[in-house]
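Letters go in sequence order (proteins before strands), and every chain restarts at 1. Computed over heavy atoms, backbone and side chain alike; hydrogens, waters and symmetry mates excluded.
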Amino acid sequence: MKWDEFFVTGDPMIYGADVSIVLTMVGILFYLTKYKKWKWLWDEWLTTVDHKKLGIMYIVSAVLMLFRGGVDALLMRTQLAVPEAKFLDSQHYNEIFTTHGTIMIIFMAMPFLIGLINVVVPLQIGARDVAYPYLNAVSFWTFFIGAMLFNISFVIGGSPSAGWTSYMPLASNELSPGPGQNYYLLGLQIAGIGTLLTGINFLVTILKMRAPGMTLFRMPMFTWSSLVTMVIIIFAFPILTVALALMTFDRLFGSHFFTLQGAGMDMLWANLFWLWGHPEVYIVILPAFGMFSEIISTFSRKTLFGYKAMIWSMLLIAGYSFLVWVHHFFTMGSGALVNSVFSITTMAIGIPTGVKIFNWLFTMYRGKIQFTTPMLWSLGFIVNFVIGGVTGVMLAMAAADYQYHNTYFLVSHFHYVLIAGTVFACFAGLIYWYPKMFGYKLNERIGKWVFWVFTIGFNVCFFPQYFLGLDGMPRRVYTYSEESGWGPLNMVSTIGGFMMGIAFLILVYNMYYSFRYAKRETTGDAWDGRTLEWSTPTAMPPFYNFAKIPEVTGLDHFWRQKQAGKVEKLKAEDIKPIHMPSNSGVPFIMASFFFVAGFGMVFEWMWMAIFGIIGVFGTLFYRSFEYDDGYYVSVEEVIETEKISK
Amino acid sequence: MAHAETHDPNTPLEYRSETGRLNILGFWIFLGAEIALFATLFATYMVLSHRVADGPALGELFEVESLLIQTFLLLTSSFTCGLAVHEMRRHNVKGLITWMAITLGLGLGFLYFEIQEFLHFIHEGANIGTSAAWSGFFVLVGTHGAHVTFGIFWVTMVLIQVAKRGLTPATSAKVFITSLYWHFLDVVWIFIFTAVYLMGMVTHNG
């Protein structure tokens with residue numbers, strides 16, 4: 001392989017990216033060395049097993065990926081703004097919509113939610129950490145390395161271009177030669193390991209680490225939604241693991257699972273992909289539902305309406321999520337009976353979802369609503385998500401789907417559910433729990449600007465796409481003719497897209513502004529909250545979370561304590577030594593070996609892949625022989641940290 | 001992390017520490033994920049098992065003798081693995097290591113015959129690239145074989161730790177978890193035996 005095949009060449013935008021990547025790297029190295037931050041980076045972040053820090057790292061990575069995926073989106077919108085534009089060629093456009101979809105789902109939405117789950121859930125259940133803190137670090141680093149591996153395809157070797165669904169035979173060696181598609185397979189595979197481990201970790205954490213008195217039906221709704229999500233992850237992700245592995249075998253070792261030769265079956269890929277892919281949709285929406293439940297309840301100053309109905313509807317959604325995958329390819333010849341069955345199951349999901357919508361509305365009914373920014377995002381969610389949901393039911397009708405299929409109608413539908421659902425929730429949750437993570441709130445006035453610019457931009461961008469779709473504009477085309485008449489609505493859509501980009505910039509500015517100027521919180525209860533995460537005496541909980549594990553007597557325990565004026569003051573004699581897990585550098589090193597193995601497989605350099613895999617197993621065996629039982633935090637240190645006067 | 005230890009003599013050693021209990025529960029859930037993984041491979045295999053293209057049919061090459069030897073070795077190894085855990089419950093380190101070593105020996109024997117069988121198939125002109133059916137066969141059965149291989153390394157590591165440290169709540173939980181893993185592979189093999197080999201031979205020979 002020559003160097004000009006190794007590095008992506010020929011496009012000025014790519015050279016610009018090369019230069020900016022090198023400059024950023026040099027800048028970071030310079031900063032770390034000049035201010036002697038290397039040890040701090042290693043001790044505080046790279047080796048941490050603290051769920052709050054891992055959560056913050058997840059969220060920071062997700063925001064970076066939101067930027068990358070967002071730039072992809074704006075490049076696409078720029079190309080489509082006018083008919084027959086020459087901004088991007090077809091290959092480049094294909095690469096960009098592929099990376100946009102993959103990054104937004106796998107490397108933005110999921111880590112953003114998992115990051116918030118990491119920060120919040122152990123606090124909400126009154127635990128000092130997760131069940132397996134070390135494994136939690138492995139999860140984060142495999143996700144991070146998978147994301148990095150996927151992202152370097154941009155400058156080294158070339159990006160995948162077969163769409164985020166990577167249907168066969170388009171994604172085969174014949175039609176997608178080169179390393180691009182391998183990046184997709186290996187990047188997702190490595191990140192998927194981390195996701196599965198997160199699933200097991202948080203399921204056990206929620207089942208076994210709850211504070212005394214917190215029965216399952218006293219858990220906060222966000223914890224419930226996380227629990228259900230973890231169950232979906234545990235059963236859905238192995239399917240993706242297998243599907244990716246089989247396609248990897250097809251591409252690297254000449255097997256015939258999905259190929260046209262050797263009697264392979266290309267539709268098998270579509271089935272396996274969506275058998276994972278549809279539950280995946282619910283993996284990214286259920287935690288969002290949970291967050292909105294917390295926020296709407298807090299800012300309506302009422303207990304959540306229909307608590308049990310919320311839980312049962314989530315369990316129903318989780319079950320249905322495995323029974324609807326065929327609706328992603330009604331037009332690919334499944335036959336009338338099969339299509340009818342999946343059409344009905346798909347519409348049935350609308351029922352529990354509708355139950356949830358009404359529960360949120362009834363929670364607000366006669367509540368004292370405070371229009372804080374998290375609440376604004378939640379209200380925006382209800383309105384916009386319903387638009388996405390209703391068009392979803394339209395798409396669910398198999399016969400009608402023959403008209404909508406593969407058009408911008410569909411594109412608009414899933415952006416209405418994924419942005420108005422998941423992305424609004426990520427913003428709402430980030431703002432809501434920001435004081436828990438950093439000790440101060442984001443500025444509310446700037447935050448409201450972000451909300452309005454983003455929400456208006458979002459509707460300006462995607463509402464016209466419903467009509468473009470009904471006019472017959474297919475998705476995934478890099479340009480269209482003047483005569484099609486799609487020009488004006490596309491221009492409107494592009495303007496909306498750039499409004500969302502501006503809103504993102506204002507959000508980032510708000511982070512900077514609030515870091516400089518926001519009033520620091522003096523208590524742990526920034527929003528007059530209801531659940532245990534707000535009960536810590538300091539704004540940011542200490543690394544052991546709770547000096548004394550709370551005893552829970554009912555739903556919204558902390559709120560009811562406050563109402564009764566019976567919030568317990570921590571007393572020095574209640575404090576006992578606290579057991580905590582030790583930091584470890586092994587997860588980071590293991591993930592680095594995963595990177596080597598993945599990179600080797602992408603370029604089919606088997607010596608490198610084998611070296612990386614041996615390294616992974618080496619770190620596993622090293623860990624097996626390591627007997628580290630953690631350490632105890634002394635009573636004096638806890639008293640010192642909690643500033644208890646004796 | 002709570003670190004409550006139970007000293008009730010009726011509680012098995014591996015369940016006495018909080019970490020042990022959590023790890024065992026987590027591993028059960030991991031096995032749930034493994035079931036989803038093998039279920040996907042089985043489904044793939046079933047869909048593809050008749051799609052032989054120009055290659056031989058699956059049942060054409062399957063041989064009863066090798067199959068029975070492999071099955072016998074692996075099922076027996078599950079039994080000896082159970083005896084090893086029984087010895088562990090009696091705090092008999094020597095018995096535990098002996099029965100586990102026998103388990104590993106049987107596992108190695110299984111792998112030997114499996115690899116011989118694979119080489120035989122390849123010699124007869126059926127490899128992973130022959131047809132969709134053979135791709136499905138090699139990846140399903142091969143994934144099981146790779147699990148057994150990993151298990152042999154893993155159990156060996158754990159036995160070294162038991163030999164060095166004796167039976168503690170930590171080491172006994174590790175032994176117990178590896179035994180769950182080993183029994184699980186046995187269960188998967190029973191499905192492979194039925195769904196792959198028996199059904200393959202029945203459909204071919206009528």
Please say whether more than 12 non-hydrogen atoms of neighbouring residues, nucleotides or ligands are located less than 6.0 Å from CZ in A:F625.
yes
Under 4.5 Å heavy-atom distance to chain A, tell me which part of B:D54 shows up: side chain, backbone, both or neither.
neither
Answer yes or no: is there a side-chain heavy-atom contact under 4.5 Å between A:V49 and A:Y132?
no
Using ring centroids (six-membered ring only for Trp), state whether B:F176 and B:F27 fall under 6.0 Å.
no
Option that, when pairs with chain B are counted at under 4.5 Å, heavy atom only, ranks first among A:A245, A:A127, A:G199, A:G254
A:G254
Can you say whether the rings of B:F110 and B:H144 are parallel (under 30°), tilted (30 to 60°) or perpendicular (over 60°)?
perpendicular
Taking A:Y627, A:F258, A:Y544, A:F617 one by one, which has the highest count of heavy-atom pairs under 4.5 Å against chain B?
A:Y627
Return yes if a side-chain donor-acceptor contact under 3.5 Å exists between A:H278 and A:S321, otherwise no.
no
So, the part of A:I234 with a heavy atom under 4.5 Å from chain B: the answer is both
With a 4.5 angstrom heavy-atom cut-off, could you sort out which part of A:I578 is near chain B: side chain, backbone, both or neither?
neither
Top contributor to chain A contacts, counting heavy-atom pairs under 4.5 Å, from B:T143, B:V52, B:V47, B:T44:
B:T44
For B:I128, is it the side chain, the backbone, both or neither that has a heavy atom under 4.5 Å from a heavy atom of chain A?
both
What part of A:I239 is in contact with chain B, defined as an atom under 4.5 angstrom from a non-hydrogen atom: side chain, backbone, both or neither?
both
Side chain / backbone / both / neither for A:F249 at chain B, heavy atoms under 4.5 Å:
side chain
Of the backbone (N, CA, C, O) and the side chain (C-beta and beyond), which part of A:T241 lies under 4.5 Å from a heavy atom of chain B, both, or neither?
side chain
Verify the ring-centre separation between B:Y181 and B:F184: is it less than 6.0 angstrom?
no
If you count heavy atoms of other groups shown closer than 6.0 angstrom to CG of B:N205, is the number above 12?
yes
So, the part of B:F150 with a heavy atom under 4.5 Å from chain A: the answer is side chain
Tell me yes or no: between the side chains of A:N201 and A:T198, is some donor less than 3.5 Å from an acceptor?
no
For A:L246, is it the side chain, the backbone, both or neither that has a heavy atom under 4.5 Å from a heavy atom of chain B?
side chain
For B:F137 and B:W134, take the angle between the two ring planes, folded into 0 to 90°, and tell me which bin it lands in: parallel under 30, tilted 30 to 60, perpendicular over 60.
perpendicular
Quick one: of B:G55, B:A43, B:G129, B:A53, who has the most non-hydrogen atom pairs under 4.5 Å with chain A?
B:G129
